[in-house]
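What follows is one structure encoded as structure tokens, with my remarks underneath.
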Amino acid sequence: MTRLLLRGFDIRKNYLNTSAQTELVQVLRPVLKSAPLFHPTTPSGKKMSVRMTSAGNLGWVSDKRGYRYQDTHPNGVVWPAIPDQIASIWHDVTGVARLPECCLINYYGDGTRMGMHQDKDEADFSWPVVSISLGDDALFRIGNTTRGGKTESIWLGSGDVVIMGGPARLAYHGVDRIRFGSSRLLPKGGRINLTLRVAT
Ligand code: SIN
Ligand code: MN
């Protein structure tokens, strides 16, 4: 593992070894079965290229009514629980005893990206957000706490964990592109990013 600080983003390269990554993919299988990935639409009606779902008491959704956390999948079913293996990464890297309420699961297929944004649908920004990357490499861009200005990018690989806390908690960030096929962790290729969040 190597630790890197980039604009307050605490980046743990190779935090998870290959067997830990494989175990996470296994525990995510039943989660994705009961809460299938869907393409959220932005409030302005644009379909996002990334597919998403959640585990936990609350899940993040977006549609014409806006961005929000809610207690059911758009199909009406309650979200599955956050697997222990994922919650324990949160406890290990943050030291926070409180459980995250949401594990947002993003799936990046070939050609997908995520525009620059802030994570600000949570009630209390003093809690960190923890991100776990699995599968293909992603070019992650970090900006400022206001839109625009100079940015810096870093490739996130499978097993990397990023902690967004303190002043970095409200920094703009996004994913410019993925290197589709760069990892063999996911049978169909692509990238899974998990973000653990305290929402209320
Ligand atoms: C996100 O900002 O929700 C995802 C970040 C990532 O995919 O690395
Ligand atoms: Mn985000």
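Counting starts at 1 for both ligands and their atoms, in listed order. Not measured: the values here are computed from a predicted model.
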Using modelled atom types only, decide if a donor and an acceptor are shared between the side chain of [X] and the backbone of [Y] within a distance under 3.5 Å.
X	Y	result
Asp10	Leu5	no
Asn144	Gly148	yes
Ser158	Gly135	yes

May I ask you to check if ligand 1 and [X] share an N or O to N or O distance below 3.5 Å?
X	value
Thr195	no
Ser133	no
His173	yes

- Which is it for Arg197 and ligand 1 at heavy atoms under 4.0 Å: side chain, backbone, both or neither?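 Near ligand 1, Arg197 shows its side chain, while the N, CA, C and O stay back.
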I need the atoms of ligand 1 closer than 4.0 Å to a non-hydrogen atom of [X], numbered in the order shown.
X	answer
Met114	1 (C), 2 (O), 3 (O)
Asn106	1 (C), 3 (O), 4 (C)
Val175	6 (C), 7 (O), 8 (O)
Tyr108	4 (C), 5 (C), 6 (C), 7 (O)

Who's the nearest protein heavy-atom neighbour of atom 8 (O) of ligand 1, and how far?
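Answer for atom 8 (O) of ligand 1: Arg191 NH2, 2.9 Å.
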At what distance is the nearest protein heavy atom to atom 5 (C) of ligand 1, and which residue and atom is it?
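Its nearest protein heavy-atom neighbour is Asn193 OD1, 3.6 Å.
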For Asn17, the side-chain contact (heavy atoms from CB on, under 4.5 Å) test, sequence neighbours excluded, returns Ser19, Ala20
Applying side-chain contact (heavy atoms from CB on, under 4.5 Å) to Ala35 and not counting sequence neighbours gives Thr53, His73, Trp79, Pro80
Do Arg68's NZ or CZ and the ring of Trp60 fall within the cation-pi criteria of under 6.0 Å and 45°?
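Judged by the rule, Arg68 and Trp60 form no cation-pi pair.
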Cluster membership besides Leu139, Ile/Leu/Val/Met/Phe/Trp/Tyr side chains within less than 4.5 angstrom, sorted by chain and number, is Trp155
The protein N, O or S atoms lying under 2.8 Å from the Mn ion (ligand 2) are His117 NE2, Asp119 OD1, His173 NE2
Checklist entry - Are Val50 and Val31 co-members of a hydrophobic cluster defined by side-chain heavy atoms under 4.5 Å apart? => result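 Unlinked, Val31 and Val50 end up in two clusters.
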Treat each ILVMFWY residue as a node, draw an edge where side-chain heavy atoms are under 4.5 Å apart, and state whether Trp127 and Ile89 are in one component. yes
With a 3.5 Å cut-off and no angle check, do the side chains of Ser133 and Arg191 form a donor-acceptor pair?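 Their side chains do contain a donor-acceptor pair, which is all the 3.5 Å distance test asks for.
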task: State, with a plain yes or no, whether a side-chain heavy atom of Asn193 is found less than 4.5 Å away from one of Tyr108.
output: yes
